[in-house]
Amino acid sequence: MVGRLVFDFFVFPGLFFTLGVGILASWVVRKVSALVQWRVGPPLLQPAYDIAKLFGKENIIPRGSTEWGFLIVPLLGPIGLLLASIILVKANYLATAFIGDIIVVLYLLILPALAVVLGGMSSGNPLSSLGANRELRLIAAYELPLLLAVTTAIVKTGGGLSLATFSSQWVAASFSGTFAFIASLLCIQAELGFIPFDIPEAETEIMGGPLIEYSGPLLGLFKISHLMALLVLPLFLITVFLGGFGTGWEALWGAIKYVLVLVVIILIKNTNPRLRSDQALKFFWYGAAPLALIALVMAVVGNLIGIAWL
Amino acid sequence: MTWTSWGISKSPWLYHVSTGSCNNCDIEIVDCLTPKFDVERFGGKLVGSPRHADVLMATGAMTRKSKPRFERVLEAAAKPYIVAAVGACACSKGIFHDAYNCVGPVRKVTKEVDEEIMVVNIPGCPPRPEAIIEGLVNGLQKLKEVHQ
Ligand code: SF4
């Protein structure tokens with residue numbers, strides 16, 4: 001029993017698997033971006049080299065920072081994503097889901113963003129608090145459409161709150177499901193901090209934002225959290241909207257779905273300029289949220305009068 | 001070769017410090033990121049904060065005003081790192097050799113702060129992007145040999 005738990009946490013759906021796929025995914029992001037820009041791009045293990053290097057470097061605790069907060073906060077992101085990954089993968093492969101796990105996962109997915117906010121606030125640098133401020137505003141912007149979209153999926157699948165009911169059907173194969181999927185894809189883009197919504201980290205204006213004072217292993221933990229998010233967030237989308245991963249040979253089809261979602265995210269990243277903070281808020285509240293709301297209404301109406309494709 | 005020197009040679013993150021250059025060397029550093037030269041092939045990327053940096057790319061002849069700022073950047077960066085003096089000015093003060101307001105070159109100022117920090121000189125006015133990349137790669141190779 002204990003051995004099983006250790007295996008779960010550290011090897012298969014846990015640390016080893018999440019990090020490994022995250023490193024590959026991060027390489028895909030950088031390589032595809034490089035190809036889009038007509039460059040050669042980094043070697044395969046580049047993200048792993050980056051992490052390994054960061055763990056060998058000096059760790060500076062800046063004067064004027066809240067020391068304990070500064071040290072502990074970077075752990076939040078990897079831990080939250082690790083738990084989310086275990087719940088998601090187990091719901092897909094072993095169908096061991098519990099009632100309400102989708103709500104747990106939604107909460108766990110906010111942890112990395114929260115870690116960035118707390119880290120920025122505790123490092124005592126004006127630019128990093130500015131970045132933390134922007135991150136908070138961004139969370140407020142994208143959480144609303146994301147929750148509406150997920151609610152649409154819950155209505156579509158008949159009100160079950162467990163991930164296992166999602167992974168057995170294609171929610172996106174209906175009009176409301178497609179709208180909700182598009183809205184949540186945009187939210188995922190913001191949650192990953194990719195380009196149209198990389199407002200908090202804006203390297204060209206506030207120099208890395210909340211992470212500006214972090215160095216060495218602590219910065220490495222933030223990078224690890226980003227690697228894991230590259231696996232967990234698309235996996236969440238696939239589980240809820242695209243019929244899950246499946247087992248056995250079907251897992252291959254699941255992997256293709258994952259790569260497709262990732263490439264769409266990368267292409268959005270590479271073909272758009274960064275939005276201003278207020279533009280992002282407007283985009284999510286006046287653009288994505290009404291879209292998700294329409295999807296929700298359509299799903300409820302479709303359920304009431306019994307039209308499956310609505 | 002230690003773990004850290006291996007790591008730095010595999011993923012050198014560049015931070016760009018201008019110590020009073022004519023802006024020409026700075027543009028050549030940015031050229032290294034363009035599709036034709038692409039330092040990302042070696043894992044390099046430009047970072048915004050000295051805390052993240054592994055290589056400090058210093059340009060210019062080190063004016064009196066910029067010296068204290070440069071020393072503060074050296075203190076802010078996370079060790080170990082190397083300093084690359086890019087351009088004739090940074091290597092030897094170049095055409096500003098006898099100027100009253102320049103206290104450089106970069107190597108001298110860096111060694112005053114800490115004897116241990118390795119400095120790579122990349123000459124040229126301005127050096128071509130190929131030269132900058134070659135200097136960088138050679139410097140990282142050297143770092144691995146020094147930290148046996
Ligand atoms: S080396 Fe030449 S190009 Fe570079 S800063 Fe000096 S004068 Fe300008």
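In this text the structure is predicted, and so the values were computed from the model without any measurement. Quick note on labels: first sequence line is chain A, next is B, and so on, each numbered from 1.
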Separation of A:D50 CG from B:D54 CG (nearest 0.5 Å) = 9.0 Å
Structural part of A:I51 lying under 4.5 Å from a heavy atom of chain B | neither
Count the heavy atoms belonging to other residues, nucleotides or ligands that lie under 6.0 Å from NZ of B:K65, then report whether that count exceeds 12.
-> no
Shortest non-hydrogen contact from B:W6 toward A:A52 | CZ3-CB, 4.1 Å
Contact class of A:Q37 relative to chain B, heavy atoms under 4.5 angstrom | backbone
Hey, which of B:S11, B:A53, B:G44, B:G7 has the most heavy atom pairs under 4.5 Å with chain A?
-> B:S11
Taking all non-hydrogen atoms of both residues into account, name the closest pair between A:K53 and B:W13 and its distance.
-> NZ-CD2, 3.3 Å
Residues of residues 57-79 of chain A under 4.5 Å from chain B (heavy atom pairs)?
-> A:K57, A:E58, A:I60, A:P62
Return the minimal non-hydrogen interatomic distance between A:Y214 and B:R51, and the atom names on each side.
-> O-CB, 3.8 Å
Between A:W38 and B:D38, is any pair of side-chain heavy atoms under 4.5 Å apart?
-> no
Pairs in or reaching into residues 121-131 of chain B: which pass side chain to side chain donor-acceptor pair (under 3.5 Å), with residues at least two apart or in two chains?
-> B:R128-B:E130
In terms of heavy-atom contacts, B:R41 and A:V40 come closest through CG-CB, 3.8 Å
Going by residue number, which parts of residues 217-226 of chain A are within reach of chain B, meaning a heavy-atom gap below 4.5 Å?
-> A:L219, A:K223
Crowded around B:K142 NZ? As in, over 12 foreign heavy atoms under 6.0 Å?
-> no
Residue pairs, two or more places apart or on separate chains, that pass ring-ring contact (aromatic ring centres under 6.0 Å, His included) and touch residues 106-134 of chain B | none
Relative to chain A, which of B:S49, B:A76, B:P35, B:P50 shows the most heavy atom pairs under 4.5 Å?
-> B:P35
